[in-house]
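For reference, the structure is listed below as structure tokens.
Worth knowing before you read on, the calculation uses all heavy atoms, side chains too, and leaves out hydrogens, waters and symmetry mates.
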Amino acid sequence: MDEGFTLCEMIYDEAGRAVDFRYLEINPAFVKLTGIPKEMVVGRTVREVIPGIESFWIETYARWCKAVAASGSITV
């Protein structure tokens with residue numbers, strides 16, 4: 001597989017807004033594409049791995065995840 005793959009857990013605040021996500025698993029292609037070793041990613045949040053990430057990207061990912069969950073398809 002040439003595509004980077006991650007299994008993540010969304011993290012929401014008390015108001016239900018997506019504020020972060022935790023990497024639970026990544027594949028070797030993710031490591032190759034990003035240059036970030038697996039040991040530096042798995043178990044950490046995106047804010048830990050990519051300090052300064054804009055909230056826009058976390059919110060966008062959360063919307064995509066909700067759409068996939070609702071439709072059952074990754075082509076949303």
Side-chain angles (χ1 to χ4, degrees):
M1 176 186 285
D2 294 331
E3 295 85 10
F5 173 83
T6 66
L7 175 63
C8 299
E9 170 187 38
M10 291 303 305
I11 300 170
Y12 298 92
D13 66 11
E14 301 81 28
R17 292 182 298 259
V19 293
D20 211 338
F21 60 85
R22 183 173 313 283
Y23 293 99
L24 303 178
E25 189 57 62
I26 63 173
N27 71 346
F30 178 92
V31 174
K32 184 177 179 182
L33 291 167
T34 64
I36 306 172
K38 183 175 184 172
E39 303 79 35
M40 300 283 296
V41 177
V42 174
R44 296 194 168 124
T45 68
V46 71
R47 291 190 183 277
E48 292 171 321
V49 176
I50 308 171
I53 188 170
E54 297 174 26
S55 294
F56 168 83
W57 297 112
I58 296 168
E59 293 161 3
T60 299
Y61 183 58
R63 283 192 304 275
W64 183 83
C65 290
K66 285 182 181 182
V68 168
S71 71
S73 172
I74 62 170
T75 55
V76 292

Could you walk me through whether Met40 and Glu48 pass side chain to side chain contact (heavy atoms under 4.5 Å, CB included), step by step? CA-CA 9 Å; Met40 300 283 296; Glu48 292 171 321; over 6 Å; no
Hydrophobic cluster membership, Ile53 vs Tyr12, 4.5 Å side-chain cutoff: yes
Applying ring-ring contact (aromatic ring centres under 6.0 Å, His included) as the test, list every pair that has at least one member in residues 24-54; sequence neighbours left out. Tyr23-Phe30
Closest approach of Val19 and Arg47, non-hydrogen atoms and distance? O-NE, 2.8 Å
Looking at Glu25 and Lys38, does any basic side-chain N land under 4.0 Å from a carboxylate oxygen? yes
Once rounded to the nearest 0.5 Å, what's the spacing between atom OG1 of Thr6 and atom OH of Tyr61? 4.5 Å
What distance separates Ile58 CD1 from Thr45 OG1, expressed to the nearest 0.5 Å? 8.0 Å
From Ile26 atom CD1 to Phe5 atom CZ, the distance as rounded to the nearest 0.5 Å: 11.0 Å
Is it the case that one hydrophobic cluster holds both Trp57 and Val46, taking links as side-chain heavy atoms less than 4.5 Å apart, direct or via other members? yes
Out of curiosity, does Val41 fall in the hydrophobic cluster containing Met10 (side-chain heavy atoms, cut-off under 4.5 Å, transitive links)? yes
Ignoring hydrogens and angles, tell me if any N or O in the side chain of Thr34 forms a donor-acceptor pair with the backbone of Ile36 under 3.5 Å. yes
When you measure from the side chain of Asn27 to the backbone N and O of Glu3, does any donor-acceptor pair fall under 3.5 Å? yes
Contact summary for Asp2 and Ala29, nearest pair of heavy atoms: O-CB, 3.6 Å
Going only through I, L, V, M, F, W and Y residues with side-chain contacts under 4.5 Å, is there a path from Phe56 to Ile11? no
